[in-house]
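Values below: all heavy atoms of this structure, side chains included; hydrogens, waters and symmetry mates excluded.
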Amino acid sequence: MHAKPRFFMGLVLASVMVISTGVNAAQRVVSIGGTVTEIVYLLGAESQLVASDTSSIYPEAANQTPKVGYQRTLSAEGVLSVHPDTLLITPAAGPAKVLQQLKDTGINLITIEAPDTKQGILDKITQVASALHQEEKGKHLVQQIEHAFEALSTPKAWHEQHPPRLLFVLQMGGAPMVAGKNTAPDALFTLAGATNAVGTLDGYKALTPEAILLAQPDAIVVTQQGLSRTGKQAIWALPGMLATPAGKNQRMLSLDALLALGLGPRTPEAIQSLQQQLEEWAP
C-alpha cells in the first residue's frame, strides 16, 4: 500500500485555500446533497453558503449551517427563507413541483450529476467548482483526488484468488435493505476491487433469509450511524446470516454514512478503510 490517502484531505483543503477566489463567485448558495456540500467546503467556498440540507453532515462545520430540510422532501418556503440566488442540487432532489416553484422565482438551479465512477467523482468536483466560479481551485482539487486514487492498490490476494464478497446493509431491523447494482455502495466495492454479494439485484431491495444464504457474503458493510443505533447483534440475529462466511466469522465493516453512500472526494479514504478492515481476510 502506498501513501495513506486518509491524510490527504486536510492537505487538499490547505493547498486549495491559497488559490484566489473567483471575482464572479455566487454570493448566496444553498447546497443540497451531502457530497455537493462537502465539495463546496473543500473548495474553500463555504462563505458562499447560506444553507444546506440535512444530508450535509461533513465536514463538521456543515452541521452548523441553516438547514432547509431533506433533499428528497424540500419545501419552497424553507429554501426561499434564506434568499438564495443559486441552488446546487443532485438528481435525488425534489419534489419536482417544488423545484419548479423555486426555478420560477428566478433562483438558478444547477444539477450536479455524474456517473458513479472514479471519473464521475472528479466530474462532480469540476461541476461544483464551475457553478461557484472557482474553476482554478476545482482543477487543483481534481489533481489531488486523482493522486489519492493513484496511491491505492488492490490487495494481491484479491487478484490472485478471488475478491471478498461484500454485502452492504442499509436498514438493520426487520427485513434488511441491501444495496444491489446501480447504487453507491456497489460502485464503491468495484473501485475497491471487491465484489457485491448481491450484484444481481438492482437498486436497494429487502433481503430474505433465502437470499442471504444465496449471497454468501464474506463480510457485512454497514454505516457507523446505523451500527450505533442498533448494534452488531441486530445483523447477526437476521435469519440465515450466521450460516454465511460473514456470520461464521462475525466479520463486519463500518463506514461513515457519507463515505459509504456519497461517492465523493473522500472515496479513496473509503476504499482504504474497507481494505484495511479486511486485512485479516483471506480467500
Quiz item: Is the shortest heavy-atom distance from the side chain of Phe149 to the side chain of Ile271 under 4.5 Å?
Solution: yes
Quiz item: Taking atom CG of Asn249 and atom CH2 of Trp281, what is their separation to the nearest 0.5 Å?
Solution: 11.0 Å
Quiz item: Just wondering, do Tyr58 and Leu259 contact through their side chains at under 4.5 Å, heavy atoms?
Solution: no
Quiz item: Does one hydrophobic cluster hold both Leu167 and Leu201, with members joined at side-chain heavy-atom distances below 4.5 Å?
Solution: yes
Quiz item: Can you check whether Val40 reaches Gln48 side chain to side chain, under 4.5 Å on heavy atoms?
Solution: no
Exercise. Using a 4.5 Å cut-off on heavy atoms from C-beta on, say whether the side chain of Gln277 contacts that of Leu255.
Key: yes
Quiz item: So if you build clusters from Ile, Leu, Val, Met, Phe, Trp, Tyr with side-chain heavy-atom gaps below 4.5 Å, do Ile107 and Leu88 land together?
Solution: no
Practice problem: For the residue pair Thr65 and Ser52, confirm or rule out a side-chain donor-acceptor distance under 3.5 Å. | Solution: yes
Quiz item: If we only count heavy atoms from C-beta on, is the Met252 to Leu227 side-chain gap below 4.5 Å?
Solution: yes
Exercise. Measure across Val30 and Pro84 and return the closest heavy-atom pair with its distance rounded to 0.1 Å.
Key: CG2-CB, 3.6 Å
Quiz item: Can you get from Ile112 to Val68 by hopping between Ile, Leu, Val, Met, Phe, Trp and Tyr side chains that sit under 4.5 Å apart?
Solution: no
Quiz prompt | Candidate pair Thr117 and Asp123, rule side chain to side chain contact (heavy atoms under 4.5 Å, CB included), full reasoning | solution = CA-CA 10 Å; Thr117 61; Asp123 289 345; over 6 Å; no
Self-check item: Ile32, Val36, Leu102 screened by side chain to side chain contact (heavy atoms under 4.5 Å, CB included) with Ile89, the one that passes
Solution: Ile32
Quiz item: Do Ile39 and Pro265 have side-chain heavy atoms sitting under 4.5 Å apart?
Solution: yes
Self-check item: Ala194 to Pro163 - nearest heavy-atom pair and separation
Solution: CA-CB, 4.0 Å
Quiz item: What distance do Gln216 atom CD and Asp218 atom CG have between them, rounded to the nearest 0.5 Å?
Solution: 8.5 Å
Quiz prompt | Taking every non-hydrogen atom, the tightest pair across Gly33 and Gln71 | solution = CA-OE1, 3.7 Å
Quiz item: Does a sphere of radius 6.0 Å around CD in Gln161 hold more than 12 heavy atoms from other residues, nucleotides or ligands, not counting ones at 6.0 Å or beyond?
Solution: yes
Exercise. Determine whether Thr267 and Ile145 make a side-chain contact, defined as any pair of heavy atoms from C-beta on separated by less than 4.5 Å.
Key: no
Exercise. For Leu242 and Gly247, work out which heavy atoms get closest and say how close.
Key: CD2-O, 3.9 Å
Quiz prompt | Non-hydrogen side-chain atoms of Lys137 and Leu132 separated by less than 4.5 Å | solution = no
